[in-house]
Amino acid sequence: MASEIKQGTLELVNHLPILQVITPMLIAPLLVVLNNKTLSWLLSFLGTLACLFISILLIQGVSDGSILTYYLGGWVPPIGIEYRIDAANAILLFLISIISVIVLIFSYSSLHAEIPEEKHTLFYSCFLLCLTGLLGVVATADIFNVFVFLEISSLSTYVLVAQGAYLDRRALSASFNYLIMGTIGATFFVIGIGYIYMATGSLNMMDIAERASQLGDNRTIQAGFAFIVVGMGLKLAMVPLHIWLPNAYTFAPTVVTCFLAATATKVALYVLIRFVFSVFNYEDNFVNELFFLLLMPLAVIAMIAASVIAIFKQNLKKLLAYSSLAQIGYMLLGLSLMSQKGLASSLVHMVNHGFTKAALFMSLGAFMLNTKNVYIKSLRGLGKSMPFTSAAFVIGGLSLIGVPGTAGFISKWLLLEATLETGYWLVAILIIASSLFAVIYIWKIIEVLYFSECSESYSEVSVLTLIPIWILALFCVFLGINTSLTVDVANMATEILFK
Amino acid sequence: MDSNFSFLYGHLPYWLFITLMLSGLFIVVSRGNLIKKIVGLNIFQTSVFMFYISIGKMKGGTAPILLDKSANSSAVIYSNPLPHVLILTAIVVGIATTALGLALIIKIREEYDTVEEDDIQKMDQKDLKKYNRKNVLETNS
């Protein structure tokens, strides 16, 4: 193992894993102390930019298949907490950091429309704490640390969602429901950790994997795994446990919806992946049966049912929220195939869908700056008066459907390949059916945008609002053409995870 | 019979943990009052704290205090302190959740003038219908 630990030449390089997590955490209280709206935006922007820079360095560090480790306070694991960066979490760190940078650019010009100005400082502070939590969950290799970071991110997410109450009071009940469901999920997760600790006496992922393999078939560990699957199922909105998601996404401020849709559920799914492959034995019969008999049917139901529900939604934010549920179904399906290709498709889809959904929600946010609501009738004829935003929305929509040349195509293709490889023909057909439903609901919006009479004429949003939208839209195209960042890193990650 | 009894008695903390956990979860699911939901959530979380602390207990173990070096410290049996430490963190998280939940309830009461879930849902439905009807009418016209 020691040969895998990469020793950097610079002193600072060795501290990258912790800097990634701690940078936003240190800035968050600073904002509250300074209490200045513009300054807090600038500081959070610089902070997330630093995170992005660090995450790129980390991807470079792990791109040769090595693993970067960091011992907190110099305590050697399993006693101390270990941060462990490999290809699988480096790519997610990159996704979270870049989405947070783009979302912050967008918030500069749009936040005032959704949140009263005196709350901006606290909003950015909460946003950074949420970012800290998400990055921490991904970076750490200590299972209790995962819980702590998960709750840091969740608690700040509840606050962020509730900020939508300025425009619509339903944000409060959405946030409260999310709090109840999220806390039940987190507590289930803690029970799972307790069972694992009881059986193995360790909290470090690698250490547990080693000790659990010596124990063989152990009922306590299996019960712990079941608790963790349910807990994470609540956090990642696995279908019967998803009721918090549509309302939370609909009534949260657009900036928050963008950020959550692109990152939060993916991070929970990552935790599940990490537990299946790094903590438990993926070849174990119990794990395989659980995924085959339980998670795969649920994933397929999510793909179909959520897509059908999305077709009938008038509120576009809710429509996209249901489409998110369907996309989570794709990712869960890729994981539940329990094959290298399936897992790779799942990881690629996490990144691609992150960019796609962020682009869609963000262009909705730009429409909302003019129309003040996101009901489908208010978008009539906006294709003419807001051509750039509409075009970006169309690109995002195409990527969501999975049209060749866009990011969504790559991951859906990989998923189809993976299902056919394992021989699930019916599932492959259902994936295509679900994509066709996506065509229906995206076309419904495109039709309103371009082929209806303009009811009111609006002017295009400012350039500063367009820049982040177009960065995301271009990413949707770029990741559909150049797959070296996503597919290659995902393949490397699956090799490490399947080792 | 005797072995059954000792199984039940020997796992007493676990039975308490399961009872508390299920009653907490039941309260969260069945009660419509938001404050009662938070209470249920607290009971649910507390049951987990109890579970953690009970797994750290050693029979005849003392507090894990570093004894003076002259005594043969390796022979001392002590309870595992780690679950206690973990649960301290979890308690902090639980308190933060409760505080946030109560703050949200205050806000909800300000906006809806009630803390009963059913009433809130009815009002939400009314909001939804109002928006939707307006929306459908204008799309058709």
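Letters go in sequence order (proteins before strands), and every chain restarts at 1. Just so it is clear, the structure is predicted and the values come from calculations on it, not from any experiment.
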Can you tell which part of [X] gets under 4.5 Å to a heavy atom of chain A, answering side chain, backbone, both or neither?
X        : result
B:Thr97  : both
B:Glu110 : neither
B:Ile120 : side chain

Determine whether [X] and [Y] make a side-chain contact, defined as any pair of heavy atoms from C-beta on separated by less than 4.5 Å.
X        : Y        : value
B:Leu82  : A:Leu203 : yes
A:Phe251 : B:Asp124 : no
B:Glu117 : A:Phe176 : no
A:Leu179 : B:Ile38  : yes
B:Val93  : A:Phe147 : yes

Distance from A:Ser175 atom OG to B:Ile108 atom CD1, nearest 0.5 Å?
7.5 Å
Quick check for you: to the nearest 0.5 Å, what is the distance between A:Ile191 atom CD1 and B:Phe44 atom CZ?
4.5 Å
Chain A neighbours within residues 15-27 of chain B, where any heavy atom lies under 4.5 Å away:
B:Phe17, B:Met21, B:Leu25
I'd like to know whether [atom1] of [X] has more than 12 heavy-atom contacts from other residues, nucleotides or ligands below 6.0 angstrom.
X        : atom1 : value
A:Lys444 : NZ    : yes
A:Arg211 : CZ    : yes
A:Lys119 : NZ    : no

Whether the side chain of B:Tyr52 engages the backbone of A:Val190 through a donor-acceptor N/O pair (distance < 3.5 Å, no angle test) should be reported.
yes
Looking at [X] and [Y], what are the two nearest heavy atoms and their distance?
X        : Y        : result
B:Ile55  : A:Gly194 : CD1-O, 3.9 Å
A:Arg170 : B:Tyr112 : CA-OH, 3.3 Å
B:Ala96  : A:Leu155 : CB-CD1, 3.7 Å

Determine, stepwise, if the pair A:Phe144 / B:Val85 fulfils side chain to side chain contact (heavy atoms under 4.5 Å, CB included).
CA-CA 11 Å; A:Phe144 198 80; B:Val85 179; over 6 Å; no
Test A:Thr187 against B:Leu41 for side chain to side chain contact (heavy atoms under 4.5 Å, CB included), laying out the working first.
CA-CA 9 Å; A:Thr187 313; B:Leu41 208 60; 5.9 Å; no
